[in-house]
Amino acid sequence: MPISAPPSPGHAPVRADSAVRPAPVAAPPPAPRLRPADREVLWLYLLTRVAVWTTAYCTRWLFPASGDARVPAPVLAPFEHWDWGHFLNIARDGYFPEGPGEGDNREAFFPGLPLVLRAVHVLIPHWTVAGLLVSLVAGAVAAVALARIAELHLPGSGAGRRAALFLLVSPCAVFLAAGYSEALFLAFALPAWLAARRQRWLLASVLAAGATTVRISGPFLAAALVVLFLTTLTTRTTRTPRTPRTPLTTLPTRQGEGTSRKRDAAWLVLPGLPALLYFWYLYGRTGDPMAWKHAQERGWYRHFRAPWEAWSQTWHEAFDRTQATGYAAQFQADLLAMVLGLLLLGVLVVRRRWPEAVYLALTLWALGTSYWYMSVARSTLLWWPLWVGLAVWSVRRRWVAIAYLCLVAPLSTVLAVTFMSGRWAG
């Protein structure tokens, strides 16, 4: 008969038939909101901002308005050009300080950025500093969101950092640093797209509604979200197992899923509401709900033209010596950007990336049916499938990143100096 060892002093004997209970395991700490990869992107973002500000400092000294100037322009002068004046006037004085039908066609600009700018101005009295701060914070959010979207395509490959870098050094990247609407739009649109990819439709719809307040591109994003939602329904339906006697369309995968899907679909109405509210406001002030479109026609010749007519007119202005060289170069850049957009659209269609294709197709249609092309090159900042696609391609082909940086670095510097010296539009 085996002899059991006596219990240790101070401890009760353990019964042989008693269950051994494992010690409680501490709950894991909550995941940080910023991952190490996000911090790397933010460091990259900060370095590129330093580069932009360095360029602005040098531009003040080397490219003054007068060739014999003895004093450089004010510190913030490089960022106080062109559309910034419209956003500032709206934030400070409203849309119709002199009454409807009078003024500088500022109603062509959506109210999102002026509203944010006015709110920040409560804490920061200097308008230009407030605008730069809005773009600085919004650009950081956009860079991190873009990196996370790229990582969905190639997890753990570093594609996210590359996508952010490619955007931040792109030829028109200076507009992400100035008090323009691109950074704020991306700060809403990219997290909205990321939330939709994760099936968080309420969050995606709220963020997309924010994007709609900023630019007319917001409704294009809303249309892409609808297509993305429909593709998720199709994918889930085709992957649902079924018996031969059960119709495919009558198989819920879990209780309440049908109700949940209807609720998710209802949220997708939200992104269209800000645009409708703005049109309603314009109707109340001017009697014309499309006053924003008519302001664009008056101020920027955005009359509707057939796509081939718009291309022909832009080509004429770019190469037939009808414009000063600065304007001609801008038209040439817009032509090149349109070709790039059409190529990207073709790639998206071939790869059946229907949501992104819808967003890009609507954007190109809006830009390509005016009297002539305008701001197409600048619009490339909003084409996140371009930056994600380049990042994925560069991971698979190492030479792509080197070729891209060697090509765009001088263009980005030249265009930044052109904008900051006040010579952007000729």
Legend entry - Taking every non-hydrogen atom, the tightest pair across Ala318 and Phe331: CB-CB, 3.7 Å

Inset, instruction - Heavy atoms only: give me the nearest His81-Pro78 pair and the separation to one decimal. - result: CD2-O, 3.3 Å

Inset, instruction - Scan for salt bridge (Lys or Arg N to Asp or Glu O under 4.0 Å) pairs involving residues 346-366, sequence neighbours excluded, and state none if there are none. - result: Arg353-Glu356

Legend entry - Check: Trp387 side chain, Thr380 main-chain N or O, donor-acceptor pair, under 3.5 Å: yes

Legend entry - Steps toward side chain to side chain contact (heavy atoms under 4.5 Å, CB included) verdict (Leu132, Leu76): CA-CA 9 Å; Leu132 294 177; Leu76 299 177; 3.8 Å; yes

Inset, instruction - With rounding to the nearest 0.5 Å, note down the distance linking OH in Tyr45 to CG in Leu167. - result: 10.0 Å

Inset, instruction - Please step through side chain to side chain contact (heavy atoms under 4.5 Å, CB included) for the pair Leu184 and Arg215, ending with a clear verdict. - result: CA-CA 9 Å; Leu184 186 61; Arg215 293 178 66 93; over 6 Å; no

Legend entry - Thr55 side chain to Ala51 backbone, donor-acceptor under 3.5 Å: yes

Legend entry - Nearest heavy-atom neighbours spanning Val376 and Tyr373: CG2-CB, 3.8 Å

Inset, instruction - Kindly say whether Ser375 contributes a backbone atom to a donor-acceptor pair with the side chain of Ser379 at under 3.5 angstrom? - result: no

Inset, instruction - Taking the six-membered ring for Trp and the single ring otherwise, decide whether the centroids of Tyr180 and Phe419 are under 6.0 Å apart. - result: yes

Legend entry - Mutual orientation of the aromatic rings belonging to Tyr57 and Trp61 [parallel < 30°, tilted 30-60°, perpendicular > 60°]: tilted

Legend entry - Sequence neighbours excluded - salt bridge (Lys or Arg N to Asp or Glu O under 4.0 Å) pairs with any residue from residues 225-234: none

Inset, instruction - Could you tell me which non-hydrogen atom of Phe79 sits nearest to which non-hydrogen atom of Met420, and how far apart they are? - result: CE2-CE, 3.8 Å

Legend entry - Inter-residue atom distance Lys293.NZ - Leu282.CG, 0.5 Å rounding: 14.0 Å

Inset, instruction - Taking atom CZ of Arg305 as the centre, report whether more than 12 heavy atoms of other residues, nucleotides or ligands fall under 6.0 Å from it. - result: yes

Legend entry - Side-chain donor/acceptor of Ser135 to backbone N/O of Ala178, under 3.5 Å: yes

Legend entry - Validation row: Val408, Phe166 side chains within 4.5 angstrom (heavy atoms): no

Inset, instruction - Verify side chain to side chain contact (heavy atoms under 4.5 Å, CB included) between Ser181 and Phe110, making sure each step is shown before the conclusion. - result: CA-CA 9 Å; Ser181 62; Phe110 274 43; over 6 Å; no

Legend entry - Flag if over 12 foreign heavy atoms under 6.0 Å of CH2, Trp267: no

Inset, instruction - Quick one: pull up CZ in Phe96 and CD1 in Ile90 and give me the separation to the nearest 0.5 Å. - result: 9.5 Å

Legend entry - Atom of Ala211, atom of Phe188 and distance for their closest heavy-atom approach: N-CB, 3.5 Å

Inset, instruction - With the side chain counted from C-beta on, respond yes when Trp193 and Leu225 share a heavy-atom pair under 4.5 Å apart, and no when they do not. - result: yes

Legend entry - Donor-acceptor under 3.5 Å (Arg60 side chain, Ala73 main chain): yes

Inset, instruction - For Gln313 and Glu317, test the side chains for any donor-to-acceptor distance below 3.5 angstrom and give the result as yes or no. - result: yes

Inset, instruction - Find out whether Trp372 and Thr314 are in side-chain contact, i.e. whether some heavy atom of one side chain is under 4.5 Å from a heavy atom of the other. - result: yes

Legend entry - Mutual orientation of the aromatic rings belonging to Tyr95 and Tyr278 [parallel < 30°, tilted 30-60°, perpendicular > 60°]: tilted

Inset, instruction - Determine yes or no for a side-chain-to-main-chain donor-acceptor pair under 3.5 angstrom, with Glu151 supplying the side chain and Gly156 the backbone. - result: yes

Legend entry - Straight-line distance of Asp83 CG to Arg106 CZ, nearest 0.5 Å: 13.0 Å

Legend entry - 4.5 Å side-chain heavy-atom contact, Arg35 and Arg148: yes

Legend entry - Closest contact, heavy atoms only, Ala192 versus Ala208: CB-N, 3.7 Å

Inset, instruction - May I ask you to check whether over 12 heavy atoms, not counting those of Phe304, lie within 6.0 Å of atom CZ? - result: yes

Legend entry - Trp292, Tyr371, Phe109 screened by ring-ring contact (aromatic ring centres under 6.0 Å, His included) with Trp300, the one that passes: Phe109

Legend entry - Note, Thr286 side chain near Glu107 side chain (heavy atom, < 4.5 Å): no

Inset, instruction - State, yes or no, whether a side-chain contact exists between Leu168 and Arg49 at a heavy-atom distance under 4.5 Å. - result: yes

Inset, instruction - Verify side chain to side chain contact (heavy atoms under 4.5 Å, CB included) between Leu194 and Leu152, making sure each step is shown before the conclusion. - result: CA-CA 9 Å; Leu194 187 64; Leu152 295 178; 3.8 Å; yes

Legend entry - Side chain proximity check, Phe319 to Leu335, heavy atoms < 4.5 angstrom: yes

Legend entry - Between CD on residue Gln332 and CH2 on residue Trp315, distance to nearest 0.5 Å: 9.0 Å

Legend entry - Atom pair NE2/CZ of His303 and Arg298 - distance to nearest 0.5 Å: 10.0 Å

Legend entry - Cation-aromatic face contact Arg378/Phe175, 6.0 Å, 45 degrees: yes

Legend entry - Check: Arg302 side chain, Met374 main-chain N or O, donor-acceptor pair, under 3.5 Å: yes

Inset, instruction - Would you indicate whether the side-chain heavy atoms of Tyr359 and Leu221 approach each other to under 4.5 Å? - result: yes

